[in-house]
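Heads up: the structure comes next, in structure tokens.
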Amino acid sequence: RYDEVVIDNDSQIPVVPWYPRNDEDLKTIGLIMEVKEENNQDHPQFKDLVYRKRREEIAKISQQHLIGEPIPYISYNQQEEETWKKIYTILRERVEKVMSQRYLKNLEKIENALGFKYKIPQLRDIDAYLKAETGFRIKATHGILSQREFLNALGHRVFCCTQYIRHHSTPEYTPEPDIVHELVGHVPLFADKEVADLSQEIGILSCGAEQKDLSRLGTLYWFTLEFGACKENGQIKGYGAGIASSIGECDNFPKANYEKFDPFIHADRPYPIQTVQPTFMYTESFEEAMQELIIFGKSLQKPFGLYYDFIEKELKATKRI
Ligand code: NLE
Ligand code: FE2
């Protein structure tokens with residue numbers, strides 16, 4: 001589907017790469033990105049055959065989920081529950097030290113509503129929670145998606161979310177997203193109205209974006225919603241999901257380098273995806289990060305504007321002014 005381009009009816013010239021316009025189109029999303037990094041092959045997540053088999057079992061269930069339908073329940077086994085509890089107990093105390101109040105107050109609220117401490121929460125419950133808080137929705141997915149798929153879905157206020165858990169031998173860090181990363185990292189942020197709106201904004205910008213812009217948006221997503229930092233009472237705190245979901249990142253955060261965030265420069269900055277982040281981009285406040293991204297977004301060239309119609313759940317094109 002993503003090989004298609006949208007053709008201009010009058011001139012018959014390709015205008016932009018295909019993008020999902022409504023929930024029906026979103027049902028075609030769900031290819032999985034091939035992870036090519038060589039060192040991945042040595043990771044227990046790839047080598048442990050029992051683990052792989054279990055991952056495939058869960059993948060089959062997640063893959064069947066379509067947006068708008070109830071998310072299938074997963075019956076987690078004892079080892080998976082133990083992995084969650086072990087990570088959650090340590091993380092809960094680490095995030096207090098490094099994460100921003102915006103994150104922490106939402107985590108506390110969700111924790112009370114959904115009992116994060118005790119067992120792996122079900123995506124169906126999280127979906128209901130987010131819908132009520134910010135109108136964000138969850139699509140269960142079975143692995144890391146292409147940047148285009150992931151970002152395009154955000155444009156519809158849809159968060160593509162894995163259901164499996166990382167390997168029990170690597171609780172403090174995983175290169176892949178897993179249920180710990182999604183729920184402890186992203187969900188408290190998607191429950192925040194400003195973050196939810198900013199995420200959708202980046203998503204809308206990604207719809208129909210040419211490849212170069214798409215990858216720049218993906219990088220900016222990484223440096224903000226995934227690993228962003230901002231000042232709070234004079235101190236630099238994290239607001240990115242990848243910090244909150246990893247004991248290793250939490251420990252590394254105070255020792256890392258910080259650079260003032262500038263989307264026009266950082267959109268092309270490479271970053272590691274297999275190790276803790278060497279450098280975090282910070283702003284004076286979270287609001288500043290939002291404004292910077294909006295300014296950057298306006299500089300992207302598309303032949304039309306796009307807005308999301310909340311009633312019809314559809315992206316509508318307007319003439320670019
Ligand atoms: N490194 C993160 C963690 O261990 O939770 C996951 C990052 C996913 C982009
Ligand atoms: Fe993430």
Side-chain angles (χ1 to χ4, degrees), residues 32-37 39-40 43-46 55 62 80 83-92 94-95 98-99 103 107 116 120 123 126 130 136 138-154 158-192 195-196 198-200 202-203 206 215 217-229 238-253 256 270-281:
I32 115 162
M33 187 159 107
E34 251 180 84
V35 184
K36 291 199 191 84
E37 250 69 18
N39 48 355
N40 260 341
H43 201 280
Q45 281 175 190
F46 290 81
R55 274 278 285 267
S62 312
E80 290 166 332
T83 305
W84 169 271
K85 242 198 237 159
K86 184 171 165 191
I87 302 174
Y88 195 79
T89 312
I90 303 173
L91 262 184
R92 189 61 186 86
R94 301 290 157 94
V95 292
V98 300
M99 295 300 287
Y103 168 87
L107 178 66
F116 266 34
I120 308 178
L123 287 193
I126 303 284
L130 284 182
F136 243 85
I138 288 180
K139 152 92 180 86
T141 39
H142 58 300
I144 194 164
L145 300 177
S146 72
Q147 251 176 1
R148 194 178 281 280
E149 285 173 312
F150 182 78
L151 294 175
N152 279 189
L154 286 182
V158 169
F159 168 39
C160 293
C161 199
T162 55
Q163 280 185 296
Y164 59 83
I165 193 159
R166 64 194 64 183
H167 194 273
H168 55 90
S169 70
T170 58
E172 62 294 317
Y173 182 91
T174 163
E176 297 176 287
D178 72 330
I179 191 125
V180 178
H181 173 67
E182 320 286 29
L183 302 195
V184 186
H186 286 290
V187 165
L189 295 158
F190 283 125
D192 181 275
V195 182
L198 176 64
S199 308
Q200 183 174 26
I202 298 181
S206 80
S215 99
L217 285 168
T219 301
L220 292 176
Y221 182 85
W222 184 271
F223 287 130
T224 55
L225 296 159
E226 209 64 77
F227 286 101
Y239 67 82
I243 309 167
S245 71
S246 164
I247 300 163
E249 291 285 4
C250 283
D251 289 346
N252 162 62
F253 186 75
Y271 53 84
I273 60 165
Q274 301 282 329
T275 61
V276 294
Q277 297 301 301
T279 307
F280 293 88
M281 312 311 172

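Because the structure is predicted, anything quoted here is derived from the model rather than measured. Order of listing sets the numbers, starting from 1, for every ligand and every atom in it.
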Fill in: Nearest neighbour of atom 2 (C) of ligand 1 from the list V184, T174, I144, I247, on a heavy-atom basis
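Answer by nearest heavy atom: T174.
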
Item to complete: Could you confirm whether E182 has any N/O/S atom lying under 2.8 Å from the Fe ion (ligand 2)?
Response: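 Coordinating: no.
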
Worksheet item: Tell me: protein heavy atom nearest atom 5 (O) of ligand 1, and distance?
Response: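 Heavy-atom neighbour on the protein nearest atom 5 (O) of ligand 1: S245 OG, 2.6 Å.
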
Practice prompt. Could you walk me through whether R55 and E176 pass the salt bridge (Lys or Arg N to Asp or Glu O under 4.0 Å) test, one step at a time?
Written response: CA-CA 13 Å; R55 274 278 285 267; E176 297 176 287; 3.1 Å; yes

Item to complete: Carefully, step by step, assess Q147 and W222 under the rule side-chain contact (heavy atoms from CB on, under 4.5 Å).
Response: CA-CA 11 Å; Q147 251 176 1; W222 184 271; over 6 Å; no

Worksheet item: Which atoms of ligand 1 sit under 4.0 Å from any heavy atom of R166?
Response: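 Ligand 1 atoms under the 4.0 Å threshold to R166: 3 (C), 4 (O), 5 (O).
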
Practice prompt. Identify, by atom number and element, the atoms of ligand 1 in contact range of Y173, meaning under 4.0 Å from any of its heavy atoms.
Written response: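 Per the distance check, 1 (N), 4 (O).
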
Worksheet item: Given side chains that start at C-beta, do those of F190 and L154 come closer than 4.5 Å, heavy atoms only?
Response: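 In short, these two side chains touch, coming nearer than 4.5 Å.
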
Worksheet entry | Side chain to side chain, T83 and E80, heavy atoms closer than 4.5 Å |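 Side chain of T83 against side chain of E80, heavy atoms only: no contact under 4.5 Å found.
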
Discussion item. Within rounding of 10°, what is the angle whose vertex is the Fe ion (ligand 2) and whose arms end at NE2 of H186 and NE2 of H181?
Written reply: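 Output for this angle: 90°, rounded to tens.
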
Practice prompt. Step by step, work out the ring-ring contact (aromatic ring centres under 6.0 Å, His included) result for Y271 and F227.
Written response: CA-CA 11 Å; Y271 53 84; F227 286 101; 8.2 Å; no

